[in-house]
Amino acid sequence: VKENNVLFVIFGGSGDLAHRKLYPALFQLYLKGFLNEHFAVIGTARRPWTHDFFRQGVLENLDEGTNEQQQEFAGHFYYQSHDVKDSDHYVALKKVIDQLDEKYQLNGNRLFYMAMAPALFGTIAQHLKSENLLSNEGYNRLIIEKPFGHDYPSALALNQAIVDTFDRNQVFRIDHYLGKEMVQNIPYLRFGNPFLTSVWNKDYIDNVQITLAESLGVEERAGYYETAGALRDMVQNHIMQIIAMLTFPKPEQYTDDEINQAKSKVFASLPVYSETDVAEKFVRGQYDENADGSQKAYRHEDKIDPKSNVETFVAGEIDLNLPEWQGIPFYVRTGKRLAAKNTCIDIVFKSDVANLFSDQKLENPVLTIEVQPESGVLLTVNGKKIGTSNVVETHQLTDLLDDDQQKQVPDAYERLLLEAILGKQGNFAQWEGMAGSWHFVDAIRDAWAKDSQPDFPNYQSGTMGPKAADALLAKTGRHWIYQG
Ligand code: BG6
């Protein structure tokens, strides 16, 4: 493992994301040697904290390594009180940056992480340039978190504000689902096995199902969630990225550039649905209390509008305009307060190709990619029932990670931060993809907006969502493979 010399400047360094995700992820990179002597982290936020107080907060979120390692690591953290709208504050920040660059010999390598409200991304990016916080030697990179806009126009404006200062290869847009082991595994399955590569198309696949089920409710994020809803929160980004991973045309070479180009073809092929399409192909829902009343209905959650029409569940059918996938529905589903926390992908193969056992029903073979909480691959196939009778039954080939393997899986943030340090763009969202995805999502939102009185709440907490989500598949004789 080679050490990387780098300075992190984290805007929003006092926040929840930084403490829960970023600092522990950096610590993992430290324990593994990707960060060692020559790195520093500056956390900025408005509050007047001391370095010590900041370090204390960092330490509280580390639960591995020895006490000595933790102390060493936290010693590389510095706090700078900062108002992102005040130019003078950037001058002060630059001083600290320059000092640390020299002290730790960082060679001018800088990663600016925007862990705060997107409305400020543009302001920060502009100031970084105008106040000379970008180095002339080494690299300057920007990492951005979602939400990246709330519709196409706002995302476009946000993007413009950023690319005015940073080149596209300097901008790293995090979608943490792209950092999950089994999502990264998809191309390896598709292209590492000729027997799968050859059936990975409309001739052999009947439909594809993607489920991102959560058992938690809205938690403490009412403010954000009331402006977002499940469609923006999960479909526009995570689900779309998974679809792209499942369908991108085979690149000539497995390089970051070629992967991203191939993925952008998928995003460009997303349909823009008419109102009629939306009514037929998309279902929204909002959770009611659970069976015993111990979990509240969404409308009764803290800080939620008691008349809120925000959806906490979406299910829909996405038809890609790609020749390889013509006519193959991609069924997607996500929601809060569902029966279980489970992310899985079911590739449902056709069953009716030359059925030799014509008097018996063959089930659809299914390749299931379990993303979380379990990780691995399951293959459900038809076979013979043991015994003297000639009866067909389904068998499951299972390859799930065991506990030891699971422990080796890096957290999504750890992996993505390392890739940003290494300048690898392959697992980051690109603007073209976001644009296509927003167009798709905007059409659905526009159609929904015309019906301002949805029949909410329409599913009980602890179930797999509204009945209409099952009907969506049932009308063509299909069903959800994952039943909760
Ligand atoms: C986030 C959403 O992007 O993903 C949250 O904003 C959601 O609402 C979360 O809970 C789910 O992530 P994970 O990694 O727990 O599946």
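All ligand and atom numbering here is 1-based and tracks the order in the structure. Not measured: the values here are computed from a predicted model.
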### Task
Please report the C-alpha distance between K296 and E289 in whole Å, then the side-chain angles of each, then the deciding distance to 0.1 Å, and finally whether the salt bridge (Lys or Arg N to Asp or Glu O under 4.0 Å) criterion is met.
CA-CA 5 Å; K296 289 180 188 165; E289 60 183 20; over 6 Å; no
Atom pairs, nitrogen or oxygen, ligand 1 to protein, under 3.5 angstrom:
from: ligand 1; atom 1: 3 (O); to: K146; atom 2: NZ; distance (Å): 2.8
from: ligand 1; atom 1: 3 (O); to: H238; atom 2: NE2; distance (Å): 2.7
from: ligand 1; atom 1: 6 (O); to: K146; atom 2: NZ; distance (Å): 2.8
from: ligand 1; atom 1: 6 (O); to: R221; atom 2: NH2; distance (Å): 2.9
from: ligand 1; atom 1: 6 (O); to: D233; atom 2: OD1; distance (Å): 2.6
from: ligand 1; atom 1: 6 (O); to: D233; atom 2: OD2; distance (Å): 3.4
from: ligand 1; atom 1: 8 (O); to: R221; atom 2: NH1; distance (Å): 2.9
from: ligand 1; atom 1: 8 (O); to: D233; atom 2: OD2; distance (Å): 2.6
from: ligand 1; atom 1: 8 (O); to: K336; atom 2: NZ; distance (Å): 2.8
from: ligand 1; atom 1: 10 (O); to: E214; atom 2: OE1; distance (Å): 2.5
from: ligand 1; atom 1: 10 (O); to: E214; atom 2: OE2; distance (Å): 3.3
from: ligand 1; atom 1: 10 (O); to: K336; atom 2: NZ; distance (Å): 3.2
from: ligand 1; atom 1: 12 (O); to: H176; atom 2: NE2; distance (Å): 3.1
from: ligand 1; atom 1: 14 (O); to: H176; atom 2: NE2; distance (Å): 2.8
from: ligand 1; atom 1: 14 (O); to: K180; atom 2: NZ; distance (Å): 2.6
from: ligand 1; atom 1: 15 (O); to: K341; atom 2: NZ; distance (Å): 3.0
from: ligand 1; atom 1: 16 (O); to: Y177; atom 2: OH; distance (Å): 2.4
from: ligand 1; atom 1: 16 (O); to: K341; atom 2: NZ; distance (Å): 2.8
from: ligand 1; atom 1: 16 (O); to: Q372; atom 2: NE2; distance (Å): 2.7

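- In this structure a side-chain-to-backbone donor-acceptor pair under 3.5 Å is missing from T334 to A213.
- Ion pairing between a basic and an acidic side chain is recognised when a charged N comes within 4.0 Å of a carboxylate O; R478 and D206 show such pairing.
- Geometrically, R337 does not engage Y298 in a cation-pi contact, judged by NZ or CZ lying under 6.0 Å from the ring centre and within 45° of the ring axis.
- Counting only heavy atoms from C-beta outward, the side chains of W480 and Y331 approach each other to under 4.5 Å.
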### Task
Apply salt bridge (Lys or Arg N to Asp or Glu O under 4.0 Å) to R284 and E311, showing your working.
CA-CA 6 Å; R284 55 181 158 159; E311 82 284 355; 5.8 Å; no
